[in-house]
Amino acid sequence: MTNSFLYYYEVYFIRSSAPSLTYATHQSLNIGSIVAVPLKTTVNEAVIFRKVKKPEFETAEITSVLNTNYNREQMEIAKFISEYYFSSFGEAISLFIPFKNTSLTDLLPKKIEEKILPKLSDIQQKAYDQLLKKEKALLFGVTGSGKTEIFISLMAKMMEEGKTSIFLMPEISLTPQMEKRLKVYFGESVAMWHSKLTKKKKASILEGIESGEIRIVAGARSALFVPLSNLGLIIVDEEHDDSYKAMTRPRYHARDVAVLMGSKLGAKVVLASATPSMSSYYKYDVIKLDKPYIETEKKYTFISGDRINNTMLDTIDTHYKAGDQSLLFLPTRGNFKYLYCESCGKTHLCPFCSVGMALHRKHRHLKCHYCNYTEPIRDTCIHCGHTPLKSERMGTVEAIEVISEAVEGIQIEQFDKDSITTAKKLKEALQRFESGESQLLLGTQMLSKGHDYANITLSIIMGLDYILGLADYRARERAMSLLFQIAGRSGRAKAAQIIVQTGDPEFFQTYLADYELFIKDELAFLEMAEYPPFASLARILIAHKDESKASKITLDTVTKLKAFEEIEIVGHGKAPVEKIANKFRFHILLRAKHRVPLLKALHRVDCREIEIDFDPVDFA
DNA sequence: AGCACGCCGACT
DNA sequence: GTCGGCGTGCTC
């Protein structure tokens with residue numbers, strides 16, 4: 001194998017944003033091989049990127065060749081991620097777990113006994129048959145319509161064909177519940193994967209994958225990158241959830257990468273949600289799972305205002321006295337205040353961007369977080385003339401105080417990021433609620449994520465107007481999907497009452513019975529206002545401890561970008577969150593009708609001092 | 001002027 | 001990851 005002839009390879013360092021370096025070796029190596037190379041005084045792991053001619057400069061020699069490698073598909077997908085999401089190749093490839101050189105590629109079929117598999121209803125069977133025929137599709141079905149049984153049937157089918165499956169969920173906190181469910185059918189063939197697993201646990205799962213015992217990997221975002229051979233299926237459950245978008249480099253969207261991976265590997269991709277994203281509904285074939293599995297009656301009541309009022313307290317009391325359980329949602333107390341009208345529920349929108357304008361008390365003005373347009377704080381609502389406008393909302397702690405005082409004896413579970421800090425606390429809170437020890441689950445966004453709560457007969461959703469007023473082109477989508485998700489948590493077994501607090505009941509009422517109607521109207525709005533999926537957005541973040549330097553980088557970048565005709569600079573200036581970790585933050589928001597010119601322009605600007613977020617979901 | 005410290009870029 | 005160059009800011 002070894003000879004005196006030298007080969008030269010460009011390598012990227014694993015877990016590093018550094019540019020590629022060139023090393024020499026006596027061996028011919030495969031692209032994707034993992035090697036150890038000297039760098040200054042240390043030896044580091046790197047991946048062979050490509051073969052090159054003998055360079056002009058002196059080269060060091062590769063220290064050793066390790067017994068793991070990235071395969072061709074992993075290298076190609078990492079290349080795509082690094083280019084589309086603006087990270088180095090080293091950072092992109094590090095998302096993946098490499099294959100062992102000894103890995104076997106053939107898997108023997110595993111048969112799941114038919115009698116233990118869930119029996120599909122006619123509606124489920126029809127959706128299943130349709131999904132079998134499609135390379136990729138969006139499964140659109142309300143909460144409780146039995147999507148999980150369809151997933152299980154699909155995964156069982158894959159196993160019978162000697163293929164493996166990946167099942168993505170938006171959050172780690174959802175995995176224990178799904179694990180229980182999957183183990184019933186797949187036992188040791190299924191493993192749960194997320195970034196918080198111990199090194200030891202990860203190693204043992206990887207061993208199981210390598211031996212072919214594990215055929216299904218389920219978990220959060222990172223489960224997408226495990227080294228499964230013969231991948232046949234990727235399921236992205238709750239595909240509308242923004243948790244799929246990574247907030248650090250590479251800032252990839254797991255749902256979109258899943259679709260790419262599916263087409264590269266010839267694996268089926270099933271996106272699923274009761275409240276699908278506008279973009280998925282627009283882009284993919286939709287398979288509807290119409291009728292709820294268990295049909296229960298839901299009665300809606302609309303209440304205006306922004307506090308807990310007597311109607312709510314009385315209703316909570318009634319349900320409590322009847323021995324039933326309730327759920328109350330409050331939006332997370334965000335960093336930004338918005339002026340909204342108590343009377344009509346509407347917020348003041350930016351005239352240029354159609355997103356809510358944020359209130360900056362310090363500067364006494366309203367500011368658009370997209371284009372940085374500002375105007376004085378107004379006193380009256382431009383929609384109905386009502387005065388005064390409000391900006392304060394209730395927090396979870398205050399809400400608990402008010403309810404505890406009014407409803408004697410009720411035990412309330414605080415369900416938010418402040419109180420649910422660990423998996424153990426989550427489990428205990430849910431257990432107390434399930435056992436009936438507590439009767440009201442009161443919390444934030446977390447409530448909307450598919451945890452199973454048994455006998456809820458009352459759901460109260462507060463602060464929807466606040467969500468509607470967010471500086472986000474998807475504010476309406478967020479508000480509507482939240483309402484549907486929370487309403488879906490109640491009435492699983494018995495009829496349920498749902499109280500919706502909004503000053504704009506007509507908006508929500510129009511769509512209550514039909515989320516698809518909302519999608520159609522919202523897509524029309526997005527097309528008119530030129531937002532995704534009818535345009536491409538990118539956000540540039542500039543952070544520097546020296547404010548004038550940050551400002552200069554921003555302006556220089558804007559100047560360079562102005563040369564590109566096909567892209568629009570929506571706005572630039574101080575970022576909504578002006579300072580993080582002692583660094584002053586500036587941002588630039590860009591839009592283009594097509595993504596390719598936007599990508600091209602951004603690849604031309606100096607990216608060392610800026611961070612690019614392509615297809616952003618967060619504008620803070 | 002001299003020195004300590006921290007940031008940033010290069011390393012192959 | 002580690003090293004060294006350089007600029008900033010503090011002290012003598």
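Order of the sequence lines sets the chain letters (A, B, ...), proteins ahead of strands, with each chain counted from 1. Side-chain atoms are counted along with the backbone in the values below, which use heavy atoms only and exclude waters and symmetry mates. Everything numeric here is computed off the predicted structure, so don't read it as measured data.
Ion pair A:Lys264/A:Glu73 not flagged as a salt bridge, since none of the NZ, NE, NH1 or NH2 atoms sits closer than 4.0 Å to an Asp/Glu carboxylate oxygen. Salt-bridge formation is detected for the pair A:Asp613/A:Lys245: a Lys NZ or Arg NE/NH1/NH2 atom is positioned less than 4.0 Å from an Asp or Glu carboxylate oxygen. In this structure, A:Glu611 pairs ionically with A:Arg251, as a charged nitrogen and a carboxylate oxygen lie closer than 4.0 Å. Taking a cutoff of 4.0 Å between a charged side-chain nitrogen and a carboxylate oxygen, A:Glu609 and A:Lys552 do not qualify as a salt bridge.
Looking only at distances, a side-chain donor or acceptor of A:Lys183 sits under 3.5 Å from a matching main-chain atom of A:Val190.
As rounded to whole Å, 13 Å separates atom P of C:dT2 from atom CZ of A:Phe13. In this entry the distance linking NZ of A:Lys583 with C1' of B:dC8 reads 11 Å, nearest Å. For the pair A:Ile62 CD1 and B:dT12 C1', the interatomic distance rounds to 11 Å; values are reported in whole Å. For the pair A:Asn582 CG and B:dG6 C1', the computed distance is 13 Å after rounding to whole Å. With rounding to whole Å, A:Ile553 atom CD1 is found 13 Å from B:dC7 atom C1'. C:dT2 atom P lies 10 Å from atom CG of A:Leu39, rounded to whole Å. Distance CG (A:Asp546) to P (B:dC7): 13 Å, rounded to an integer number of Å. As rounded to whole Å, 14 Å separates atom P of B:dT12 from atom NZ of A:Lys54.
Using a 4.0 Å heavy-atom distance criterion, A:Phe57 is classed as a base contact. In this structure, A:Glu58 reaches the sugar-phosphate backbone alone: every heavy-atom distance under 4.0 Å involves primed, P, OP1 or OP2 atoms, never a base. A:Thr22 comes within 4.0 angstrom of a base, heavy atoms only.
Closest to the A:Lys545 side chain, of the nucleotides C:dG1, B:dC7, C:dC3, is B:dC7. Listed nucleotides: B:dT12, B:dC8, B:dA10. Nearest to the side chain of A:His544: B:dC8. Side-chain proximity of A:Leu21 to the nucleotides B:dC8, B:dA10, B:dT12 is greatest for B:dT12.
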